[in-house]
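A quick write-up on the structure given underneath.
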Protein chains: 2
Amino acid sequence: MPGLAELPDRTWQQCQIVLMFTACARPAPCLLLPIFSARPTRASTASTGFLIRMKAPHRTSITDLARALNLSPSTVSRALTGHPQVSEATKQRVRELAEQLHFQPNQLAAALRRGRSNTIGVLVPYITGHFFPEVVNGIAIEASRTGHNVMICQSNEDVRQEQRNIELLMNAQVEGILVSLASTTQDFSHFDAVRRAGTPLVFFDRIVEDMAGPYTSAVVLDDHAGAYAAVAHLAGQGYRRIAHFSGPLHLNIHRNRHQGYLDALRDHGLSAPEELVFVADLNQETGTLGMRQLLQLAEPPDAVFSSNDLAAVGAMQVLKAHGRRIPADVAVVGFSNEAFTALTEPTISSVDQRCHLMGLTAVQQLLRLLEAPGSAPLPPVVLTPELLVRASSQRL
Amino acid sequence: MPGLAELPDRTWQQCQIVLMFTACARPAPCLLLPIFSARPTRASTASTGFLIRMKAPHRTSITDLARALNLSPSTVSRALTGHPQVSEATKQRVRELAEQLHFQPNQLAAALRRGRSNTIGVLVPYITGHFFPEVVNGIAIEASRTGHNVMICQSNEDVRQEQRNIELLMNAQVEGILVSLASTTQDFSHFDAVRRAGTPLVFFDRIVEDMAGPYTSAVVLDDHAGAYAAVAHLAGQGYRRIAHFSGPLHLNIHRNRHQGYLDALRDHGLSAPEELVFVADLNQETGTLGMRQLLQLAEPPDAVFSSNDLAAVGAMQVLKAHGRRIPADVAVVGFSNEAFTALTEPTISSVDQRCHLMGLTAVQQLLRLLEAPGSAPLPPVVLTPELLVRASSQRL
DNA sequence: TTGAAAGCGCTAACAT
DNA sequence: ATGTTAGCGCTTTCAA
């Protein structure tokens with residue numbers, strides 16, 4: 001006979017965080033009448049040295065209900081799911097007892113039996129910060145609305161964790177996956193398993209531009225348009241020497257924003273000297289660095305369009321320290337519409353990324369794929385960002 | 001024979017978001033050799049009007065492996081889980097084929113059979129913002145480290161959603177639950193189901209102070225100490241008329257912070273006139289409101305301790321607009337250590353809530369309960385917050 | 001309208 | 001060291 005402390009082997013154990021959202025209503029079951037199962041009870045010693053007998057907490061099952069009502073499990077199941085061919089009377093009886101016994105359907109079993117988990121997977125680089133929680137929230141709401149569960153994984157920008165998370169999601173039998181790639185991901189073989197299983201995949205925000213095959217459905221932001229709008233706005237305000245802070249150019253978002261910057265300058269008859277473009281891993285510190293550097297030019301800029309809000313803050317601090325007035329002398333526009341852009345002084349104009357809409361759209365695309373299995377991948381959806389003009393760039 | 005389009009009834013369907021984190025390693029399976037099941041194949045019409053034949057994507061199962069290797073499913077299962085009593089040779093063979101066939105264990109089935117999902121549930125008011133994502137991240141990391149899955153629900157501060165989420169978590173067969181209550185929650189009957197099932201429960205951050213019974217294990221921040229430290233710091237810097245912005249006093253966090261403020265004043269021989277305490281639903285706007293009001297006093301304050309960072313920003317804006325220098329004339333200290341406190345000018349001193357530590361501790365408490373089923377609830381853990389002194393309150 | 005029976009994929013007790 | 005058997009709780013044919 002096995003000892004009490006025998007724990008199951010953990011080799012396969014996997015670690016996940018599951019974010020759940022309610023929406024679909026099912027009346028909550030309510031109270032009393034424990035039927036005890038025949039399964040063994042456990043005895044355990046509390047830390048005080050006290051011996052406490054535990055009755056194995058029994059969770060009421062459909063079988064229990066069936067027995068109690070003298071019905072078959074199938075009928076009970078049907079009654080509970082609102083199957084039309086069950087008499088109202090029976091449904092009533094079943095529902096009442098279910099309430100009384102606090103019946104809670106075991107979703108694991110249901111999903112296993114049905115062969116579908118009714119769950120969609122989401123893989124993001126982070127769950128902290130501004131952007132991803134907002135997108136996830138959008139996903140949550142839309143999924144909720146359409147009666148789907150959502151599982152989210154975070155890759156921490158690490159390809160290996162991304163691989164594991166994909167595995168986890170597949171093992172959890174998700175019906176579709178939404179992915180925003182880790183910035184380091186260059187090899188996409190871990191998505192083979194997804195394709196092999198026929199699981200629909202939709203990329204959002206961070207996508208693989210050269211990923212071949214049928215799995216390129218995507219929802220992205222039109223970074224080019226956002227940057228273009230920002231720079232066009234600056235030109236319209238009369239700024240003439242517009243600088244640009246760019247993130248690493250191997251990332252499509254920064255490449256596109258850079259191009260939008262260049263195109264807007266060109267279309268407004270402005271020059272785009274190399275010296276006005278500062279490329280770095282953008283954060284507050286590199287923002288100050290970049291601004292200092294720009295201020296040392298023979299002809300310093302009269303505006304900065306930063307590919308990132310944090311760097312914009314850094315730039316503003318340097319400008320203020322050097323006695324430049326914002327926006328009178330120098331204008332600043334950021335990108336992302338982070339919460340703090342409305343809190344600085346002056347408030348920072350920024351390009352909003354439509355986080356919520358992105359999440360919502362990604363879910364919709366996935367559902368479309370889900371409904372038409374085997375159909376061609378959908379053309380990418382490109383969301384138009386919104387320029388929010390605040391104090392830092394408005395001098396007219 | 002049922003038609004193609006017959007969809008399952010949705011009455012029970014529930015909506016959730018699942019956040020997963022990897023940590024525990026299991027080598028990822030890799031490539032080739034589809035065995036087709038005998039299950040029916042589906043035909044579907046693509047949107048183009050094209051008829052596409054789909055082979056039902058077959059996911060390799062343990063049974064498949066067993067058949068292919070001429071072993072019993074049990075042996076394969078044991079080999080895969082690293083059971084010691086399986087010969088190395090067999091393990092090798094099994095693992096190899098599993099790789100080749102891209103075997104992915106069905107966690108649903110495993111959890112169902114084992115009777116334990118290896119998952120802990122988390123219920124928070126929001127997943128956006130600063131605090132909760134950080135706490136969740138802490139939870140994620142610790143759970144990950146100890147080989148547990150985590151499911152998170154957001155209640156949107158709504159009791160009804162909180163109820164549903166608790167149901168969802170229970171239906172998902174979680175082994176324990178971490179809860180931060182919705183601010184509107186007054187009735188706790190939805191936690192009865194949790195107690196009834198014997199599922200351990202740990203509250204964090206927002207707790208029920210008067211909730212009776214064995215389910216009061218909790219992890220909270222010592223708000224009183226945080227407020228006390230902030231105000232003591234202000235007194236130490238020579239400020240004498242210290243005002244306080246408080247949130248609604250029916251919430252324990254604000255009540256405790258208010259008390260900490262009062263106690264610190266008393267201990268430093270300072271008076272605490274009613275007129276210096278401004279109570280409101282704290283945000284940037286009410287912060288400006290409160291500050292304007294305070295500035296109109298016959299004897300305006302020379303420092304403000306705000307129970308919330310946003311209101312502190314609002315206060316600073318008003319102060320600057322009125323030509324008061326910060327911190328020379330008036331000091332400001334906030335609470336929460338939001339990211340933007342380091343970005344404003346001047347940067348704002350604030351009380352850090354140890355988000356990460358809170359998540360980590362909550363998981364540890366839960367695991368303790370999990371390991372000692374039936375033992376008494378644990379005494380609440382009180383975390384000491386950390387005062388971060390920044391520019392807004394440092395004049396010495 | 002209801003019941004009987006089978007089985008989703010996996011694991012574990014009990015053989016061998 | 002491996003196989004046999006049974007069953008987690010639910011859904012779903014198929015039959016009555």
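Only a predicted model underlies this, so the values are computations on that prediction, with no experimental measurement involved. Side-chain atoms are counted along with the backbone in the values below, which use heavy atoms only and exclude waters and symmetry mates. Below, chains carry the letters A, B, ... as their sequence lines are ordered, and counting in each starts from 1.
Annotation: the span from B/L101 atom CG to B/R59 atom CZ amounts to 14.5 Å, rounded to 0.5 Å. Taking CG of A/L71 as the start and CZ of A/R78 as the end, the distance is 10.5 Å to the nearest 0.5 Å. Distance CD1/B/I177 to OG1/B/T199: 6.0 Å, rounded to 0.5 Å. The structure places CG of B/N171 at 8.0 Å from CZ of A/F103, a figure rounded to the nearest 0.5 Å. Taking OG of B/S77 as the start and CD1 of B/I62 as the end, the distance is 4.5 Å to the nearest 0.5 Å. A/H148 NE2 to A/L366 CG: the interatomic distance, rounded to the nearest 0.5 Å, is 8.5 Å.
Rounding to whole angstrom units, CD of residue A/Q85 and P of D/dC14 are separated by 15 Å. Between the C1' atom of D/dC10 and the CZ atom of A/R59 lies a distance of 15 Å, rounded to the nearest Å. For the pair B/R116 CZ and C/dT11 P, the computed distance is 13 Å after rounding to whole Å. If you take CG of A/N118 and C1' of D/dC10, they are 15 Å apart, rounded to a whole angstrom. B/E88 has its CD atom 11 Å from the P atom of D/dT2, to the nearest Å. Rounded to whole angstrom, the span from the NE2 atom of A/H83 across to the P atom of C/dT1 amounts to 9 Å. When the P atom of D/dT2 is taken as reference, atom CD1 of B/I62 falls 15 Å away, rounded to whole Å. Rounded to an integer number of Å, the gap from CG of B/L80 to P of C/dC10 is 9 Å.
Comparing B/N70 and B/A109 by the nucleotide of DNA chain D that holds the closest heavy atom to each, the one mapping nearer the 5' end is B/N70.
The existence of a salt bridge linking B/R368 and B/E371 is excluded, since no basic side-chain nitrogen approaches an acidic carboxylate oxygen closer than 4.0 Å. The residues B/E167 and B/R164 are annotated as not salt-bridged, no charged nitrogen and carboxylate oxygen being separated by less than 4.0 angstrom.
Taking 4.0 angstrom as the limit, B/T90 places a side-chain polar atom (N or O) nearer than this to OP1 or OP2 of D/dT2. Proximity of A/T75 to the phosphate of C/dG3: a side-chain N or O atom is located under 4.0 Å from OP1 or OP2. Contact annotation: B/S87 reaches the phosphate of D/dT2 (side-chain N/O to OP1 or OP2, under 4.0 Å).
With distances taken from any side-chain atom of B/L112 to the nucleotides D/dC8, D/dT2, C/dT11, the minimum falls on D/dC8. Side-chain proximity of B/R114 to the nucleotides D/dT11, C/dG9, C/dT11 is greatest for C/dT11.
Using modelled atom types, one finds a donor on one side chain and an acceptor on the other under 3.5 Å when comparing B/T90 with B/S87.
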What pairs of nitrogen or oxygen atoms, one from the protein and one from nucleotides 4-6 of chain C, lie under 3.5 Å apart?
from: C/dA4; atom 1: N6; to: A/S74; atom 2: OG; distance (Å): 3.1

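Relative to the axis of its first five pairs, the axis of the last five pairs of the helix from C/dT1-D/dA16 to C/dT16-D/dA1 sits at 30°, rounded to 10 degrees.
Using a distance-only test at 3.5 Å, with no hydrogens or angles considered, a donor-acceptor pair links the side chain of A/E175 to the main chain of A/N118.
The residue B/L108 sits apart from the nucleic acid: no heavy atom pair falls under 4.0 Å.
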